[in-house]
Each structure stands twice: as C-alpha cells, then as structure tokens.
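Structure first, then comments.
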Amino acid sequence: MLAKVRMVWKALIEEQLGIYARSVLGEEVALPPLSVQTPPKPELGDLAFPLFAYAKTLKIAPPKLAAELKSLLEKREDRPLGDLLVAGPYLNVRIDMSSLATDLCKEIAEKGTSYGENDSLSGKRVTVEFSCPNTNKPLHLGHMRNDSLGESLSAILKANGALVRKVNLINNRGVHICKSMLAYQKFGNGETPASTNMKGDHFVGKYYVRFANWAKEDPTAEEQAQMMLQKWEEGESEVIKLWEMMNKWTLDGLAESYQKMGISFDAYYYESQTYKFGKDEILKGLEDGVFYREEDGSVWVDLESIKLDKKVLLRKDGTSLYMTQDVGTAIMRHKDWPFDSLVYVVASEQQYHFKVLFYVLQQLGYDWAKDLHHLSYGMVNLPEGKMKSREGTVVDADELVSTLTELAAAEIHVKQREALVGDVEKTSASIALGALNYYLLQVTPTKDMIFNPAESISFNGNTGPYLQYMGARICSMLAKYEQEGGDSEGIGFDSSLLTLGDERSLIKQLALYPEVVAKAGEDFDPSELCTYLYELSRLFSKWYHDNPVLKAGNKQLVRSRIELSRMVLQVLKNAFALVGIPFLEAM
RNA sequence: GCGCUCGUAGCUCAGCUGGAUAGAGCGCCGGACUUCGAAUCCGUAGGUCGAAGGUUCGAAUCCUUCCGGGCGCACCA
C-alpha cells in the first residue's frame, strides 16, 4: 500500500525531471534513475528524493533543482494528494496520511489474518528441510536456532504464496548411534525410560555420555562400536531389535519437545532408509561422463568449474558417503513431491558440502537443481565461548523451555494475574516460547550469535514477551470498548482525526508490513520481521502511553483511535504467526 | 596455506538498492502508576562504525591491502 504511493510519486517526479531537462537542455537526455528514500526525521516528510545525481547534467545545484521541481509540480492538476517540501538537496513528500489510513483500514479489515500475504511465490512448491537430529541425544540450543529458523521460514514462504513441505531427516544410523546402543547393552541392566521416569531422548543421551566415559578407560570401546555397526548393516536381529527400541525412545522424546516448541513436519525421512540411495545416480553420472573413476575404483567429481578442487562420491569399495546419500535423498524427495525449490536449513559449517551437493545435482541434469538453497546460519555461542559437550556447557532445549516457563509463571503470580490469565500453565508456556523464538530469530541468520542465559530469561525490553504484552493490552482495551457498547453507536472511522506525529508513524508502519513479508521471503530472513515487529510495538506503546484512546473525549476520535489500535493488533497477530510468537489475549 | 564469513556504544544487536546530526535493547544514573495493564513510558551519559588506502558530489554500506575472531578444506556424518 505504501509501495503504491511511493511508485506514484516517483513516476510523477521522474516525469517532471524529464520535462525540465528537455526545457533546459533543449534535447532528450538519459537521466539517472530517481531513488526513493525515507527521511531521517518525521518533520522532513515521508518520502525523500535525493537530487544530487542530476546536478552535473542539468547544471543546477540540487537545492535549486528541488525548489524548481516543487513549483513545477505544484502547478500540475494530476498531482496526488500530499505536500511537497524542499529540504536542502532533497525534494521530499509529505503524503496524505488520511487517505492512506482510510484505504489501509478497509484493507486490513477485509483481509484480516491474510493482510500482508502476497503471491510473489504463488503456486511455487518449496521443500524446506530442517532440524535433522541424531537419535542418540536430546535437542540443544543449536537445534533450537535451526528449528526456529526452519519453522519461521516455512511460514514466511507460505505467506508469500508458496506451497511448502516441511521435511525432517532423522540421523538414526552410523557408529555414533551404535555407541549409545553398546553402552546400554553393557551397563543398562534392562532399565527403560519408563522405569527410570526419564524422557526417552535424555535416557538414550545418558548412555551416549556413558559410552564416552567408558571409551576413556577401555581402548577397545571404539572398535566394539564399529563391530556393532557391521552387525547392524548385516541385519543381525538382536542388534536391530535393540536399535529399534532405542530409536523409538529417542523419537518419542523428540516428538514431545517438538510439540512443546511448536515445531511440526509434513514428512520424516530416516537415514537408515536413505543412506544407500544415490549410488545408482552417481554411477549414471559416471556413464554420462560428468564424473570420473580413479584407478583404485573410487568415483570423483571435478569441481574446477566452481573453483573448488575435487570430491569423492563413491568409495573404492563402492559404498556411499554423506554426499552420495544427500544426492539420493534430494532426488527421492523430488519424486515424492515434485518441488520447484528446495531449502536446506543447516549450520554454516556445511557451506562447502552444499556447494558441492548443488553442483553435483546440476551435473546430473535435474532441472530443479537450479533452485536449491542453503539457509546457512551461524553458531550459537555462550558468553564464555563455545558450547562444549565435554565440558557440559551445552544448553539443553527441554531444560531451557521449562526454566523459562517457570519464570513466566512466577511473573504471573507476582503480578497476581492468575484470574485474568485463566490457564497459567498454558500462558506461561506461550510466553516462554515467544521469548525463545524471538531471541533466536532476532539475529540475522548468517551471523554467529551469543546466547546469554541471563538475557534470554528477561521479559523486558526488546523481547518476545514485550511484543506479546502489547497485544494483550490492546485486547484488553478493545474488550472494554466493546463491553461499553462502543461499536453499536454507529460512529465511523474518521482518518482525518489521526493527525499526531505518532499516528502518522503508526499508519506508515502498518502500511509497510506487506513489503516486509515479501522482503523477508526473498532474503530468507525472519529477523527482518522481528525488527519490524519491535518497531511497530514501540511506536504503539509510546503513542498509547501519551494519548488516551477510550478517554479521548470526542466519540469520533475514540472510534478512530480504536480502529488504529485494531489495525495494530491485526498486524501483530499476523506477524507473530510468522516468527513463532504465540498470540495472547492476556498475560 | 587455500576458501567462506564476521568485526558498529561496556554487553547483545539494527542500519533498506552508497545519501541529510550512525539507531535500539540491556546495564549505569535520574524521572513517571488516584488515569485505557508499570512485562510500560520518558530523560542523561556512552561510538574517530577493526586499521589504512581507493572509487564517488557523498562510504558503516562498494573495491584493495592489512590486523583480529569464527567456520570449512576426510574414501566421517
């Protein structure tokens, strides 16, 4: 909506520039494109058109040109509503906020939860792979950033019109899995998650740690694990039975965590089922001459054309590797659900892997391989440095969620909001989730980030709960308004009454939302929505603090401010849904 | 060594395709609840945007070099 206003003014001024150039120079000249910006201060208007670039060709100082254009434009009948102002070398526009607000109010009311959506990816099928845990330990903070990003990105792509399929690849095979199995076999004494009253993933994780300790004393431990893997691959029934049992324990535990964290998938893939795939594809590529075979029998791809060295795709004994498997899995997924695009949400450590993977898939001639993406995100570190499992500094996901939930509940009790909130347990869980997702998504994905536990449990300032709080306050105000019969009085929304600077800023921010959704989708960057949300909430809370709504006096003004609040509420709700912040009517 | 990436206030982060006095939050100090929810709001202090060059009318933003972090560079996954 704001985009439209911008376009109209830009086109008009560009046209005027052309006319002016012709009159001054007496001939047609190619002028540099006009750029549109936002002035740094509200007093300077809403749109800014810097004129520096024209000084040379038109032989006029930018401030003079601004004044000239202003007076020429003001004579034009076809000029849209709004004011022109000269601000030094800039020609600025103060747009007609009243008509924008009227249109906006209508649009938000009509579209409701779909306000902000667009069809830039309309009909496009996108598979998003994320999470991809091991089945030998519970989720930790690193997984949480991955999960938040994957879930949020999926929602954002949907809001841009895409058909999204969320998939998870469970890493449930390999030596590391055998380690926890072996430790359990040796030291388990038949205990189970049920008998020890432990969550399955933590239970299995305990044995993974147990293995590490044992391996320190017994040098044969690693060897034994390797032997177990062989037995597993041969399908020895006892090993398979143990594997199935322990896998289920972990997966049940993970399912519980996912549920709590609001994570879900449309399909699961298991490495145990996919690890052999890809071999045939590589052999086909070898036949077609896109790969080559070394003397020892191993198969390689030459990466010189993408300025990398070379990479093995099949071992000399003909078995698959990580890369081989990923090639197979991608192709299989495309058969399952023919996508136009595939996004991998995986840590930045694997940038090289994905560069190679994408290249190999292209070499194999799949047309969909043109649109593969790696949403590469940085590490999550602690203030003291990296998380290290050996030093026990890994932040456990379940523990973190429950700590935050307890703190939120404590806050509700301190403020004596039990009655207002209703279900304290559910509400505090939602606050915890909002806090976590916002904390993790706030940072530009590609950057490493520092997770400060003390800061993450704070609910003040630039946090998820701050945003939720704004929503709750608006809800409570609207409830009061409706209770007092405000809506039934038949008074309409009069946008011309919203003349305060803060109101103008709010309206603009609301009108900007659809563009932010589109940009976040283009950039694969949920943090852009976080920044937007905080700015919207901040503007609202300042305005709401300084200006009465229900007690504004004039009924027409009350009504108009109520409508403005309703718009803010709607946009908050819509944006929350895209970044995993549960909306709360009371907290 | 090669490749990728990052370096903005004490700390954590924003800063749109280069543009008008570089912005928030936390923390510090100081204010605002008989008034729509104080999980709030307002104010003060705090920055030669890692360094040096270059391109440009104009650089935190683009280019080069250097310094300093991180991550890759397995017939592991």
Side-chain angles (χ1 to χ4, degrees), chain A residues 33 35-41 44 48 50 52-53 55-56 61-62 87-90 92 132 134 171 173-176 271 275 294 296-300 307-309 311-326 347-353 355 376 378-379 381 383 386 408 411-412 414-415 417 420 431 439 442-444 446-452 454-456 458-463 465-470 472-478 480-481 515-516 519 523 527-528 530-531 534-535 538 541-542 544-552 558 561 565 586-587:
Chain A
S35 89
V36 197
Q37 288 159 8
T38 307
K41 280 181 148 187
L44 294 170
F52 304 97
K56 248 182 202 165
Y90 294 84
N92 288 4
C132 306
N134 282 330
N171 185 335
R173 67 163 289 279
V175 207
H176 54 296
E271 217 179 281
Y275 80 103
E294 281 286 346
D296 65 2
S298 54
V299 178
W300 296 71
K307 287 178 184 163
L308 297 171
D309 45 359
K311 183 84 187 167
V312 201
L313 298 176
L314 285 178
R315 290 194 186 93
K316 61 184 168 201
D317 63 6
T319 55
S320 300
L321 290 115
Y322 176 41
M323 185 63 69
T324 328
Q325 174 199 317
D326 255 7
S348 56
E349 306 163 332
Q350 301 204 31
Q351 275 184 31
Y352 173 79
H353 173 77
K355 259 185 206 159
S376 154
M379 313 206 58
N381 297 318
K386 285 187 70 166
E411 196 72 12
I412 290 169
V414 168
K415 294 180 171 19
R417 298 250 178 84
L420 184 71
I431 293 170
Y439 192 97
Q442 218 183 345
V443 181
T444 307
T446 50
K447 287 192 177 180
D448 285 357
M449 66 177 286
I450 292 185
F451 181 88
N452 186 329
E455 212 175 84
S456 76
S458 155
F459 298 151
N460 304 324
N462 188 357
T463 64
Y466 170 86
L467 305 174
Q468 289 172 313
Y469 181 66
M470 287 310 136
R473 284 181 74 184
I474 297 175
C475 279
S476 113
M477 175 181 70
L478 291 176
K480 194 167 271 181
Y481 180 72
E515 290 174 51
V516 177
K519 185 90 182 357
D523 297 346
S527 77
E528 293 173 14
C530 293
T531 306
Y534 181 67
E535 184 60 19
R538 214 166 56 92
S541 58
K542 177 169 164 43
Y544 187 56
H545 182 269
D546 295 347
N547 303 285
V549 174
L550 296 177
K551 291 173 186 163
V558 171
R561 288 185 173 169
S565 307
M587 62 186 280

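These numbers come from the heavy atoms of this one structure, side chains and all, not from hydrogens, waters or symmetry mates. The chains referred to below are lettered A, B, ... by the order of the sequence lines, with proteins before strands, and numbering in each begins at 1. Not measured: the values here are computed from a predicted model.
- Salt bridge absent: Lys519(A) and Glu515(A) never bring a charged side-chain N and a carboxylate O closer than 4.0 Å.
- For Gln37(A), whose side chain is taken as the heavy atoms from C-beta onward, the closest listed nucleotide among G72(B), U17(B), U40(B) is U17(B).
- The P atoms of U61(B) and C49(B) are separated by 10 Å, rounded to the nearest whole Å.
- Between Ser541(A) and Thr446(A), the residue anchored nearer the 5' end of RNA chain B, judged by the nucleotide with its closest heavy atom, is Thr446(A).
- Residue Ala347(A) is out of contact with every strand shown, counting any heavy-atom pair closer than 4.0 Å.
- Pairing partner, G3(B): C71(B), with both Watson-Crick or wobble hydrogen-bond distances short of 3.5 Å.
- Contact annotation: Lys355(A) does not reach the phosphate of G72(B) (side-chain N/O to OP1 or OP2, under 4.0 Å).
- Nucleic acid contact for Val36(A): base, since at least one base atom lies under 4.0 Å from a heavy atom of the residue.
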Taking N or O atoms only and anything under 3.5 Å, show me the protein contacts with nucleotides 75-77 of chain B, one pair per line.
{"unit_1": "C75(B)", "atom_1": "O2", "unit_2": "Lys316(A)", "atom_2": "N", "d": "3.0"}
{"unit_1": "C75(B)", "atom_1": "N4", "unit_2": "Asp296(A)", "atom_2": "OD2", "d": "2.0"}
{"unit_1": "C75(B)", "atom_1": "N4", "unit_2": "Ser298(A)", "atom_2": "OG", "d": "3.4"}
{"unit_1": "C76(B)", "atom_1": "OP2", "unit_2": "Arg315(A)", "atom_2": "NE", "d": "2.3"}
{"unit_1": "C76(B)", "atom_1": "OP2", "unit_2": "Arg315(A)", "atom_2": "NH2", "d": "2.3"}
{"unit_1": "A77(B)", "atom_1": "OP1", "unit_2": "Arg315(A)", "atom_2": "NH2", "d": "3.3"}
{"unit_1": "A77(B)", "atom_1": "OP2", "unit_2": "Tyr322(A)", "atom_2": "N", "d": "3.0"}
{"unit_1": "A77(B)", "atom_1": "O3'", "unit_2": "Glu271(A)", "atom_2": "OE2", "d": "2.6"}
{"unit_1": "A77(B)", "atom_1": "O2'", "unit_2": "Asn171(A)", "atom_2": "ND2", "d": "3.0"}

Measure all distances between protein nitrogen or oxygen atoms and nitrogen or oxygen atoms of nucleotides 23-34 of chain B, and list the pairs falling under 3.5 Å.
{"unit_1": "G25(B)", "atom_1": "O2'", "unit_2": "Asn462(A)", "atom_2": "N", "d": "3.2"}

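- When heavy atoms are screened at a 4.0 angstrom cut-off, Thr444(A) is found touching the sugar-phosphate backbone but no base atom.
- The residue Asn452(A) sits apart from the nucleic acid: no heavy atom pair falls under 4.0 Å.
- Across the C1' atoms, G27(B) and U35(B) are found 31 Å apart, a figure rounded to whole Å.
- For C36(B), the OP1/OP2 oxygens have no side-chain nitrogen or oxygen of Arg561(A) closer than 4.0 Å.
- The gap from the C1' atom of C67(B) to that of C28(B) amounts to 32 Å, rounded to the nearest Å.
- In terms of position on RNA chain B, the residue among Lys41(A) and Ile450(A) whose nearest nucleotide sits closer to the 5' end is Ile450(A).
- The phosphate of A39(B) has OP1 or OP2 within less than 4.0 Å of a side-chain N or O from Lys415(A).
- Note on Pro39(A): a base of the nucleic acid sits closer than 4.0 angstrom, heavy atoms only.
- Residue Tyr275(A) comes nearest to Ser320(A) through the heavy atom pair O-CB, 3.6 Å, listed as atom of the first residue, atom of the second, then distance.
- Among the heavy atoms of the strands lying under 4.0 Å from Phe52(A) is at least one base atom, whether or not backbone atoms are also near.
- Contact annotation for Val443(A): backbone-only contact, meaning every heavy-atom pair under 4.0 Å involves sugar-phosphate atoms and none involves a base.
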